[in-house]
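The structure under discussion appears below in the form of structure tokens.
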Amino acid sequence: MRTLLHALSLLPALFIAVDSIQHFTEIPKNTNVIRGQTAVLKCVIGDRKGAVQWTKDGFPLGFNRTIPGFSRYSISSTNDDEFNLMIVNADLVDDATFECQVLPKDGDDPLRASATLTVLVPCEPPKILDYNNGSTVEVPHTQETLELTCEARLGRPAASIDWYRNGIKVTENIRYGVESLPGDKRETARSTLTVSLSNHHEENGAVYRCEASNSAVFGPALTASVSLSILFPPGPPEISGYGGRVVKINDSLVLTCVSKGGNPLGTVTWYRNDQPVDWSFTSGSNRAINEYTFKVGPSDNNAVYRCQVTNLVATEPLTSEYRLTVHFPPTSVTMSGAQSAVKAGRRVTLTCVSSNSNPRATIMWVSKENQLPRSDVTETYSESPDGGYITTSRVRVTVRHQDHNSKVTCRASNSEFGQTVADMVTLTVLYPPNAPHINGYVQGSSIRAGDLERMTCISIGGNPIADVKWYKGNKLIRDAVYKKLTNIASSELAIVVDADDNGARYTCKASNRATPTPLQVSITLTVHFPPAHVVISLSPSQPSAGQQVDLTCVSSSSNPAAEITWLRNGRRMTGVSLGTVEAEHGGKNTTNRLRFYPTSRDHNAVFGCRATNRLLDQSVTDAITLNVLFKPEFNDATLPSKIDVKKGERTSINLTAYANPPNVTYTLFKGGSSFSTPSRFRLGNGYLNISSISKNDKGNYTIKGENNQGFSTFNFSINVKYPARVVDITNRLSLNEGDTAMFACKVDANPMVPNIVTWTRSDFDMSRTQTKVEGETTYLSVPDLTKEDAGTFKCVADNRIGSPATSNARLIVKFKPVIDKSPETSRSAGEKGTTVTLKCNAEGAPSVSISWTRNNRAVRSGSKYRINSRSSGSIRFESTLKVKNLTREDYGAYVCTAANSKGSDSHSITLSGTSKPYPPSNITFVNATSNSITLRWKAGFDGGLPQSFRVRYKPTDKRGYVYVDVRPYGANIYKIKGLDLGTLYEFAVLAFNDRGESSYIAQGIQAKTSDVVAPTDIATKELEGADEIPVIIILVVCIVGVFILALNVGLILFFIQRRKKRLEAGASETTSHTNTFELYGTGKGDHSMCPAPSDDTRSYGTYDKSMDDFSDDYIRDYEGKTGFAAVISELETLSYLHENQNRRVEGWPRRPEPQPCETHVFLPPQSDSPPPGSRPYSPHKMEPQSPRLGGHKMTYIVDDHQGRRSPWNEDPYKMAHPRSKKGFYENGVQNGDIYEFKSGSRGKGMNELSDRPPSRPSSRSGKTPPPPPTRSSSRGGDYIPPLPARNYDPEEIAPPRYGPTPGSSSLLSPNIVPNPSYRGPTSPTARSPSPHHQQYSPSPHDTLPVGAEMRGHLV
């Protein structure tokens, strides 16, 4: 019942809802917006039924809220009835009429409401045309008006412009205009101000400013300004500093020139006699001043100094000047006359001339300090060309004998100066001697006792020469030496100073007939001596730090008294002198005291007392060492106040204190309080050892040191450094395109070094980003985001302690989904009854959801379909649709739609039955070697079945293709092998499956093999089709080969050493006998090639022939036959010899003739192509014409039947593999296997081999037979040791010693070259080589006699 009543209550509301019609509850309004800001046009619809869209100037924007194609437009709302149009970053293109439209539905009429959006644009900053902002406009004073035009460009609406003069608005003489630009809604405003310049002084310096503004400009108006400068000439110069007075030489004169006014101010210059002397001037306070300071000289007398002023607008310079009057005294006088001696009673004339002077100088004559009477003087004057006057004075004097050596002086002076210059002459007259003087000893100087002192008494002049004598006291000294030299008399006295000479008086007397009494001079000797010793006393005897200590030092007698100096560890100290007392020998004792308060630095210091006789510069020194008691002291200069240590490390800190007594107890404090040291801390003898530093160990510490004298402390800190770590980071940001991403990374580290945090991203241009550091946090800003910016940024924190710490920050940029619509993903195929998978790949952010539809119906998972979705990363998404039990009705188009909050994208995928595949595409070149090319292509649609590919290729210059199927099946990269060196090929690819083949790719490719052969490109026919050899097998083979090589070298050295010892033991005797010769045939003229036997071929005989003789005989015999005849003959003989020697071998045929010889001979092989008679073969020498001899590529010349010579060519790539060493002649003749001689070696000739000494002496005669020749390796180092020196039966020669199993060419020694013309031990009819055989493969039933297996091979 209650439910029924509730339903009835809802009926009226239901009827009302049905009857209501859609209507506007808020319509858009005309709106102004400043460019770059966001505009919102509101549109709210009540009871909306129809779809809503906006139009722009009549163009519909669509019903999607994201408004595709207008990235800055979107529909914003807070509920379903709001359809507000939001335009971000508004621009002029948005200046239009917008209309909100509601479509009709269910009988409701359509709704329309429009509004105009006006975009306002701030004008550009104004400019005063033709002038820079803030510049000065210079105007000549003759100009009457000036026009200033201010322009404000590109504003909407046009800017208003106001003028101001010195901050006061100007309203008159202004013209304003607006200019519209074609196709642009912005306008340019111009305002022209006409300035009157009638009042120059008021307008000079005036500042004119224009201000521009419109409704889009917020804040103060935009301005531009200029200042006026009116140019006019300066005022006349005003000079001061002289005023016409008289100045004296060397006076410092300051001339000042002032010019007032002028714009610009005038340039002020001083001139002297029309020559510029000073251009420098100062300006300020509307005036220019030049002060010229100089020292007055004689040349300035009557000089004209002129001041000149000018500027840019002055028509001519303005001047003012002074003429100087300068007074100066004479600088010198010159005397002449009385240059020679004058007899008494004669008159002489003396002349004195002064230098120039102003006013003129007066001259005064002086003789013997007396002025001569003016009556004897005449004086004249003359003008000087250098200014002033020259004075000349003459005087006549009568010379008396008293005037001898008297001086007459001429003195010149100026009345205005107290300065006098003089010159002088000395009159020469007969005279008594001068008073004597003593040289060699200076009165008051000291003489060391025991020194030799020489004194000379000299008396100069006198007529006649003076007589000089020495007296000690009143006693004449007769040992003095008297001498006369010109007018100098001297007497030399030499005495050894004794103690009694201290204070003794020595007198020198000089006299002649002109002296009524002798002239004399006396001196008193002073003998000085140093102190002999000093005595030091200490009080108290045991000093302590801070307690007063007196050190007293007394010197022994010294003359003069000694000075006492204190020394502390060699450095001077000052004591207090206690005076001197009289002592023996007339000397004095000196006493000095040093009082101080000792410190720890005085402990073990050496205090010395030094008494010095300063006059003698001799000293005596004594010293004592102080033992000072003091409390422990810590040296702040050497002890570390801050210890830096890394976390986890161990450290040892020296905190030792200095103390006396040295027994110190140490205590450690932390943070000012007692510190209970953990087990990691160990403090002993002043050393603090800390193991495994932790962060908690950081802090301030105090160590206390104490002994019986007291204690002291030392403060230090421990700074624990630890690597940086990221403590906080912005892990993830999800933003829209165009936004700015801001990441923060906070680190904890010690130390916090500059640039401790760096942001990195391998696939990103980090120059776009900006970083900012605030404390421990570093911010990364990425502006203007695009979807390509999505990814992971790495914050790397590194303070150079330990390894850097890293943390990742992920950036997701939102964008609408984009589906992969490539051709290969646009189709799928399958047979009826099978299951087919359709794939849809999309990218987008945020998370993308993918849905499937068919025929506009949603496809969902069920019995027929199965949908699986997954994401790969933050922006890649994949959805697969499996269609089960495929039927004909399932064929058709399937649409996958990817959507997120930013939009959606759709793609149609066609499902059909299986078919042949589509052709591949995008074939590209990957790599090339000398014999291969690698290609890659993109697979097309596979037709619903597994597909594979086929490559066809051919040289571009040839016809006919080569086809190859790609393995493994389905691979889209393939390496085509077996190509020719340096050849250009063309390639094409097709795809095939069980339904058939596609056509070849429409656009093929051309590629060329390399012209350079790499070692890895060289292969034999046996290896061409084989798989690659594993690296481990190659390494094992190389190691085994090196080991075998080393073993062979060791064996060779062993045999050489043993052979040398045997040679030394049997070097005294030499024998020869018939040995078994391999490789050589001897015997002259004997075509059986058996050596001439002795009487008993089985016994030891002696040959007179050397090895060279045997070789020469063989060569001469060999040269007797030509062509194949010689070869066949030698081979038949050789075959018979071996057959005969092996008669005891079971089953071997016997021949009765010729007679067997004991020597085995192996002939040098010849190819079946080159005629062997074309040149002789010498077994003595390995000829350089052999192919590849000594590592050099040679040309083997062969004579054909027509007489032509064809060069032998080798394939260098095949030669590298001993299993296939093929070559060819240029005339087409094929050559069999040959052996490659290694680089850097040469074959040994017979002369070298025959030089080997015998291995051991003969058992019969005691003589050593010649050894059999040894085989020489082409490498020059590997050889088989010779057999013992005796004859051997054939069965005694073991096969392993000389060669491999008969008929096995693969086991031959590497020193043996196979002979292609040899076919094995067959009948004579089989000796001719068959053209159809390249290599002989003997039957396993064929056997050769021992030793015969080497036939047909070069050794």
Side-chain angles (χ1 to χ4, degrees), residues 441-451 453 497-504 523-633 635 637 658-662 709-710:
Y441 178 79
V442 178
Q443 182 71 38
S445 62
S446 64
I447 306 173
R448 298 174 184 267
D451 287 354
E453 183 68 20
V497 178
D498 202 320
D500 60 352
D501 288 325
N502 187 24
I523 59 172
T524 301
L525 299 184
T526 302
V527 179
H528 288 169
F529 52 90
H533 59 273
V534 293
V535 177
I536 302 175
S537 59
L538 172 65
S539 176
S541 59
Q542 177 58 65
S544 297
Q547 179 184 356
Q548 177 178 301
V549 170
D550 287 339
L551 292 177
T552 304
C553 179
V554 180
S555 72
S556 61
S557 177
S558 174
N559 185 26
E563 294 182 8
I564 292 179
T565 303
W566 291 95
L567 302 174
R568 180 188 180 278
N569 291 336
R571 301 188 65 177
R572 295 173 61 92
M573 296 185 67
T574 302
V576 177
S577 176
L578 300 182
T580 60
V581 296
E582 296 293 334
E584 58 183 348
H585 307 304
K588 294 182 179 181
N589 292 335
T590 303
T591 303
N592 195 292
R593 180 182 67 202
L594 178 62
R595 174 173 292 175
F596 63 101
Y597 293 87
T599 65
S600 60
R601 292 189 297 273
D602 297 319
H603 177 59
N604 288 331
V606 177
F607 284 83
C609 171
R610 175 179 296 169
T612 304
N613 188 318
R614 293 298 179 188
L615 292 178
L616 301 180
D617 196 21
Q618 292 187 1
S619 303
V620 61
T621 305
D622 197 4
I624 63 172
T625 302
L626 290 188
N627 179 25
V628 181
L629 302 179
F630 57 93
K631 67 180 181 180
E633 294 181 354
N635 190 342
Y658 181 47
N660 186 30
Q709 296 295 309

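Please read all numbers here as calculations on a predicted model, not as lab measurements.
- Put simply, the side chain of Arg448 gets close to the backbone of Leu616: a donor and an acceptor are under 3.5 Å apart.
- Thr524 places none of its side-chain heavy atoms less than 4.5 Å from the side chain of Tyr441.
- With contacts defined as side-chain heavy-atom distances shorter than 4.5 Å, the pair Leu551/Ile624 qualifies.
- Atom OG1 of Thr574 sits about 13.5 Å away from atom CZ of Phe596, to the nearest 0.5 Å.
- Residues Asn589 and Thr580 are not in side-chain contact: their nearest non-hydrogen atoms beyond the backbone lie 4.5 Å or more apart.
- Between Phe630 and Tyr658, the two ring planes are tilted [angle within 30° to 60°].
- Side chains of Ser558 and Asn613: a donor-acceptor N/O pair is present below 3.5 angstrom, by distance only.
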- Checking side-chain contact (heavy atoms from CB on, under 4.5 Å) for the pair Ile447/Thr526: CA distance, chi angles, key distance, verdict? CA-CA 6 Å; Ile447 306 173; Thr526 302; over 6 Å; no
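- Annotation: the span from His533 atom NE2 to Cys609 atom SG amounts to 11.0 Å, rounded to 0.5 Å.
- The side-chain heavy atoms of Tyr597 and Val549, taken from C-beta on, include no pair separated by under 4.5 Å.
- Here OG of Ser557 is found 10.5 Å from NZ of Lys588. Values are rounded to the nearest 0.5 Å.
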- Might you work through the side-chain contact (heavy atoms from CB on, under 4.5 Å) test for Thr552 and Ile536, ending with a clear yes or no? CA-CA 6 Å; Thr552 304; Ile536 302 175; over 6 Å; no
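- Distance check: Leu626 CG to Leu538 CG gives 6.5 Å after rounding to the nearest 0.5 Å.
- Residues Phe529 and Gln618 are not in side-chain contact: their nearest non-hydrogen atoms beyond the backbone lie 4.5 Å or more apart.
- Look at Arg610 and Asp622 and you find no salt bridge, because none of the NZ, NE, NH1 or NH2 atoms lies under 4.0 Å from a carboxylate O.
- A donor-acceptor pair is defined here as one N or O able to donate and one able to accept, closer than 3.5 Å; no such pair exists between the side chain of Thr590 and the backbone of Glu563.
- To the nearest 0.5 Å, atoms CZ (Arg593) and OG (Ser539) are separated by 10.5 Å.
- For the pair Val535 and Ser537, the minimum side-chain heavy-atom distance is 4.5 Å or more.
- A donor-acceptor contact shorter than 3.5 Å is absent between the side chain of Asn660 and the backbone of Pro662.
- Within the 3.5 Å criterion, the main-chain N or O of Asn627 finds a donor-acceptor partner in the side chain of Gln542.
- Nearest approach of Ser544 to Val628, heavy atoms of both residues: C-CG1, 3.9 Å.
- The shortest non-hydrogen separation linking Pro632 to Ala659 is CA-CB, 3.6 Å.
- Between Ser600 and Glu633, the side chains place a donor N or O and an acceptor N or O closer than 3.5 Å (distance only, hydrogens not considered).
- Contact of the His528 side chain with the Pro560 side chain is registered, since non-hydrogen atoms from C-beta on lie closer than 4.5 Å.
- To the nearest 0.5 Å, atoms CG (Leu594) and CD1 (Ile564) are separated by 11.5 Å.
- Not a single donor-acceptor pair under 3.5 Å links the side chain of Asp617 to the backbone N or O of Arg614.
- Considering all non-hydrogen atoms of both residues, Ala532 and Ser556 come closest at N-OG, 2.7 Å.
- Shortest non-hydrogen contact noted between Leu629 and Pro661 is CD2-CD, 4.4 Å.
- Cys553 approaches Val534 most closely through the heavy-atom pair SG-CB, 3.8 Å.
- Nearest heavy-atom pair across Gln547 and Pro598 is O-CD, 2.8 Å.
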